[in-house]
Amino acid sequence: MEIRSYGKSELAMLYFPDSEPRVATNHLAQWIRNCPELVAALRKCHQSRFAKFYSAEAVRQIVWFLGEP
């Protein structure tokens with residue numbers, strides 16, 4: 001997987017390819033909320049939960065904590 005900036009639904013679709021984009025995005029958000037260490041890491045790299053994109057650093061943290069899609 002290439003570590004770069006991703007749209008939230010774009011990244012979510014990599015994790016949940018058989019879901020609708022909105023459902024995939026909600027599932028990924030739930031996974032993130034269920035991992036307090038990941039939430040803290042995303043805050044450290046200034047990732048807003050309201051942003052439309054994940055920065056490359058945020059993607060790196062997500063893959064570190066959740067594994068590659």
Side-chain angles (χ1 to χ4, degrees):
M1 174 182 180
E2 181 183 1
I3 300 297
R4 61 174 178 82
S5 179
Y6 285 88
K8 284 191 173 183
S9 62
E10 179 185 12
L11 183 63
M13 290 301 294
L14 294 176
Y15 279 94
F16 303 98
D18 296 329
S19 297
E20 296 285 324
R22 178 173 223 145
V23 173
T25 303
N26 288 340
H27 283 312
L28 182 57
Q30 184 64 42
W31 278 17
I32 291 169
R33 281 192 303 272
N34 286 336
C35 184
E37 297 89 0
L38 175 53
V39 171
L42 292 175
R43 283 190 187 133
K44 274 188 170 180
C45 65
H46 307 287
Q47 179 66 45
S48 168
R49 64 181 252 212
F50 301 109
K52 303 237 184 251
F53 291 86
Y54 288 116
S55 68
E57 182 57 31
V59 171
R60 184 175 288 108
Q61 295 300 322
I62 291 167
V63 170
W64 174 259
F65 283 98
L66 301 181
E68 282 199 31

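Nothing here was measured: the structure is a model prediction, and the numbers come from that model.
W31 and F16 have perpendicular rings, their planes meeting at more than 60° on a 0 to 90° scale where under 30° would count as parallel.
A donor-acceptor contact closer than 3.5 angstrom links the side chains of N34 and Q30.
Under a hydrophobic clustering in which Ile, Leu, Val, Met, Phe, Trp and Tyr are joined whenever their side-chain heavy atoms come within less than 4.5 Å, directly or via other members, L11 and V23 fall into different clusters. Hydrophobic cluster membership is shared by V59 and W64, with clusters built from Ile, Leu, Val, Met, Phe, Trp and Tyr side chains linked at under 4.5 angstrom. In the hydrophobic cluster analysis, where Ile, Leu, Val, Met, Phe, Trp and Tyr join through side-chain heavy atoms closer than 4.5 angstrom, V63 is grouped together with L66.
Proximity of a side-chain donor or acceptor of S5 to a complementary backbone N or O of A56 within less than 3.5 Å is not detected. Judged by distance alone, with hydrogens and angles left aside, the side-chain atoms of Q61 form no donor-acceptor pair with the main-chain N or O of L38 at under 3.5 Å. No side-chain donor-acceptor contact under 3.5 Å links Q47 to the backbone of V39.
Contact record, K8 with S48: NZ-O, 3.7 Å, taken as the closest heavy-atom pair. Closest of all the heavy-atom pairs between M13 and S19 is CE-O, 3.1 Å. Here the shortest heavy-atom pairing between L14 and M1 reads CD1-CE, 4.2 Å.
Within 6.0 Å of CZ in R4 there are more than 12 heavy atoms belonging to other residues, nucleotides or ligands.
The CD atom of E10 sits 12.0 Å away from the OH atom of Y54 when rounded to the nearest 0.5 Å. Taking CG of N26 as the reference point, atom OG of S9 lies at 11.0 Å (rounded to 0.5 Å). For the atom pair CD of E37 and CD1 of I32, the computed distance is 13.5 Å after rounding to the nearest 0.5 Å. In this structure, NZ in K52 is found 11.0 Å from OG1 in T25, a value given to the nearest 0.5 Å.
Legend: residues meeting side chain to side chain contact (heavy atoms under 4.5 Å, CB included) with R49, ordered by chain and number and at least two apart, are absent.
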